[in-house]
Undergrad: 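The structure is given below, and queries will be raised subsequently.
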Amino acid sequence: MNTSAAGDTAPQLAAPLIDWFATNARDLPWRRPGFSAWGTLVSEFMLQQTPVARVVPRLEEWLERWPTPAALAESSPGDAVRAWQSLGYPRRALWLHSCAVVITERHGGEVPRAVDDLLALPGVGDYTARAVAAFAFGDRHPVVDTNIRRVIARSVIGDAEPGPPSARRDLAAMLDILPHDPAAARAFNAAIMELGAVVCTARAPRCEVCPITDNCAWRGLGYPGFAGKRKATQKKYEGSDRQVRGLVLAQLRTLPADNASTLSRSRLASVWHEPTQLDRAIAGLVADGLAVESLSGFRLP
DNA sequence: ATCCTGCTGC
DNA sequence: GCAGCGGGAT
């Protein structure tokens with residue numbers, strides 16, 4: 001039975017990465033001492049598929065306005081969507097508002113610490129639940145984001161890119177190299193993610209400054225090219241329903257925050273030339289709860 | 001397997 | 001231009 005900190009066959013990544021992180025970590029708001037669990041939850045929502053540089057200013061505005069879940073719960077969902085601005089995937093703003101309501105009503109206003117309780121929150125999946133448990137509360141959990149999957153694929157497995165995501169497999173792979181000590185595990189989660197974000201990047205990895213080149217299976221094999229199946233190429237954004245939804249929502253965000261006024265269908269027609277696609281986009285926003293329809297037109301929830 | 005936003009680094 | 005962003009839900 002293996003009681004060591006990491007699997008015997010796994011390269012010893014923890015020590016050099018934690019060491020590297022201690023002097024190379026970016027100075028980011030959620031890494032400040034005393035940063036709240038609520039702040040961590042908000043930041044992780046914003047960081048779901050949105051780059052760090054775009055998140056930081058929105059996060060600071062958000063936490064100044066809504067420093068606690070209870071404060072956000074008292075505002076309307078539409079205010080959350082407005083404060084989200086153009087971060088993208090605005091359903092996240094709605095889900096985060098729902099989180100605030102649930103946390104206020106069922107968790108005494110405190111962000112829950114247990115992974116199962118976090119997973120039960122709307123918009124919180126395998127990544128976000130464990131990121132909050134690990135980073136906000138210091139508990140030992142494997143955190144797996146797109147960066148970590150890539151670093152494991154390269155350094156541990158020796159592939160240029162990770163295979164298709166599989167929560168069970170990816171969490172197990174991370175658990176296998178996670179230090180046993182909770183504080184070290186927390187640091188390692190952050191460190192390996194940071195390495196993927198700034199050194200072991202998807203397009204142009206900077207292997208010349210990497211702290212784990214001696215333990216990198218991909219390097220050891222001579223940087224073989226990607227052999228697996230390419231993931232389906234994402235459809236063009238220009239002309240997509242996504243773009244139309246974004247244009248409609250941008251118009252709705254310009255309405256006064258009291259949610260008393262609306263935009264008529266004919267007014268919204270100015271944002272897109274094709275009526276069928278416009279109606280589909282509007283219907284989708286209504287179905288998602290991002291827009292509400294009244295007799296006079298549409299507004300934020 | 002697909003959908004969901006907006007932006008940027010290459 | 002286009003892949004890829006500290007994902008999640010369906």
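Lettering follows sequence order; numbering is per chain, from 1. Bear in mind that the values here come from a model prediction, so they are computed numbers and not experimental data. No hydrogens, no waters, no symmetry mates; every other heavy atom, side chains included, goes into these values.
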Undergrad: Is A:Gly88 touching bases, backbone alone, or none of the nucleic acid, heavy atoms closer than 4.0 Å?
TA: base
Undergrad: Give A:Ile148 one of three labels, base, sugar-phosphate or nothing, depending on what nucleic acid heavy atoms sit under 4.0 Å from its own.
TA: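 It contacts nothing in the nucleic acid.
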Undergrad: If you look at every strand shown and take non-hydrogen atoms under 4.0 Å, does A:Val124 touch a base, only sugar-phosphate, or nothing?
TA: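 Answer is sugar-phosphate: A:Val124 comes under 4.0 Å of backbone atoms only.
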Undergrad: Answer yes or no: is there a side-chain heavy-atom contact under 4.5 Å between A:Trp62 and A:Leu72?
TA: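 SC-SC contact between A:Trp62 and A:Leu72 confirmed.
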Undergrad: Using atom CD of A:Glu238 as one end and atom P of B:dG6 as the other, report the distance to the nearest whole Å.
TA: 11 Å
Undergrad: With nearest nucleotide decided by heavy atoms, which residue, A:Leu247 or A:Arg203, maps closer to the 5′ end of DNA chain B?
TA: A:Leu247
Undergrad: Looking across every strand, which nucleic acid part, if any, lies under 4.0 Å from A:Arg31 by heavy atom: base, sugar-phosphate, or nothing?
TA: base
Undergrad: What nitrogen or oxygen pairs link the protein and nucleotides 1-3 of chain B at under 3.5 Å?
TA:
unit_1 : atom_1 : unit_2   : atom_2 : d
B:dC3  : OP1    : A:Lys235 : NZ     : 3.3

Undergrad: Go through the steps for A:Arg113 and A:Asp117 under the test salt bridge (Lys or Arg N to Asp or Glu O under 4.0 Å), then give the verdict.
TA: CA-CA 7 Å; A:Arg113 175 169 185 162; A:Asp117 289 335; over 6 Å; no
Undergrad: Taking the side chain as every heavy atom from C-beta outward, state whether A:Trp38 and A:Leu63 have any pair of such atoms under 4.5 Å apart.
TA: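 In contact.
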Undergrad: When we call it a touch if two heavy atoms are under 4.0 Å apart, what does A:Asp288 touch: a base, just sugar-phosphate, or nothing?
TA: nothing
Undergrad: Minimum heavy-atom separation for A:Ile148 and A:Asn189, please, with both atom names.
TA: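 So the minimum-distance heavy-atom pair works out to CD1-O, 3.8 Å.
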Undergrad: Under the criterion side chain to side chain donor-acceptor pair (under 3.5 Å), I'd like the reasoning laid out for A:Gln48 against A:Arg92: C-alpha separation, chi angles, the key distance, then a yes or no.
TA: CA-CA 9 Å; A:Gln48 294 171 1; A:Arg92 291 180 291 166; 4.9 Å; no
Undergrad: In which stems does DNA chain B show up, taking only runs of three or more Watson-Crick or G-U wobble pairs whose two distances fall under 3.5 Å?
TA: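 DNA chain B forms these stems: B:1-4 with C:7-10, B:6-10 with C:1-5.
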Undergrad: Does the side chain of A:Phe298 come within less than 4.5 Å of A:Val286's, by heavy atoms?
TA: yes
Undergrad: Output, in order, the C-alpha distance, side-chain angles, deciding distance and verdict of side-chain contact (heavy atoms from CB on, under 4.5 Å) for A:Tyr127 and A:Leu171.
TA: CA-CA 9 Å; A:Tyr127 166 75; A:Leu171 288 170; over 6 Å; no
Undergrad: By the 4.0 Å heavy-atom rule, please label A:Thr128 as base, sugar-phosphate, or nothing.
TA: sugar-phosphate
Undergrad: On DNA chain C, nearest-nucleotide positions of A:Gln48 versus A:Glu161: which is more 5'?
TA: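 The answer here is A:Glu161.
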Undergrad: Describe the nucleic acid contact of A:Leu28 in one word from base, sugar-phosphate, nothing, applying a heavy-atom distance below 4.0 Å.
TA: base
Undergrad: When all nucleic acid strands are considered with a 4.0 Å heavy-atom cut-off, which category describes A:Glu194: base, sugar-phosphate, or nothing?
TA: nothing
Undergrad: Which residue, A:Ala53 or A:Thr233, contacts DNA chain C at a nucleotide closer to its 5' end, judged by nearest heavy atom?
TA: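 Upstream on the strand: A:Thr233.
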Undergrad: Going by the salt bridge (Lys or Arg N to Asp or Glu O under 4.0 Å) test, name the single residue among A:Lys229, A:Arg230, A:Arg150 that passes it with A:Glu161.
TA: A:Arg230
Undergrad: At a heavy-atom distance below 4.0 Å, which nucleotide of DNA chain C is the first touched by chain A, and which is the last?
TA: C:dC2 to C:dA9
Undergrad: Within this structure, what is the CG-CG distance for the pair A:Leu94 and A:Leu290, rounded to the nearest 0.5 Å?
TA: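 Spacing of CG (A:Leu94) from CG (A:Leu290) equals 5.0 Å.
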Undergrad: Does the A:Gln277 side chain pair with the main chain of A:Gly239, one donor and one acceptor, at a distance under 3.5 Å?
TA: yes
Undergrad: Looking for any heavy atom pair under 4.0 Å, which part of the strands does A:Trp84 touch: base, sugar-phosphate only, or nothing?
TA: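 The answer is nothing, as A:Trp84 stays clear of every strand by at least 4.0 Å.
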Undergrad: Touch check for A:Arg130, heavy atoms < 4.0 angstrom, all strands: base, sugar-phosphate only, or nothing?
TA: nothing
Undergrad: Taking atom P in both B:dG9 and C:dG6, compute the distance separating them and give it to the nearest angstrom.
TA: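 Here B:dG9 and C:dG6 have their P atoms 12 Å from each other.
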Undergrad: Under 4.0 Å between a Lys/Arg side-chain N and an Asp/Glu carboxylate O for A:Arg130 and A:Asp126?
TA: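 A:Asp126 and A:Arg130: salt-bridged.
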Undergrad: Below 4.5 Å, heavy atoms only, C-beta onward: do A:Arg253 and A:Leu300 meet side chain to side chain?
TA: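 Heavy-atom side-chain distance check passes, below 4.5 Å.
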Undergrad: Any base atoms under 4.0 Å from A:Pro51, or only sugar-phosphate, or nothing? Heavy atoms, all strands.
TA: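 Base, at least one base atom sits under 4.0 Å.
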Undergrad: To the nearest Å, how far apart are A:Lys236 NZ and B:dC7 P?
TA: 18 Å
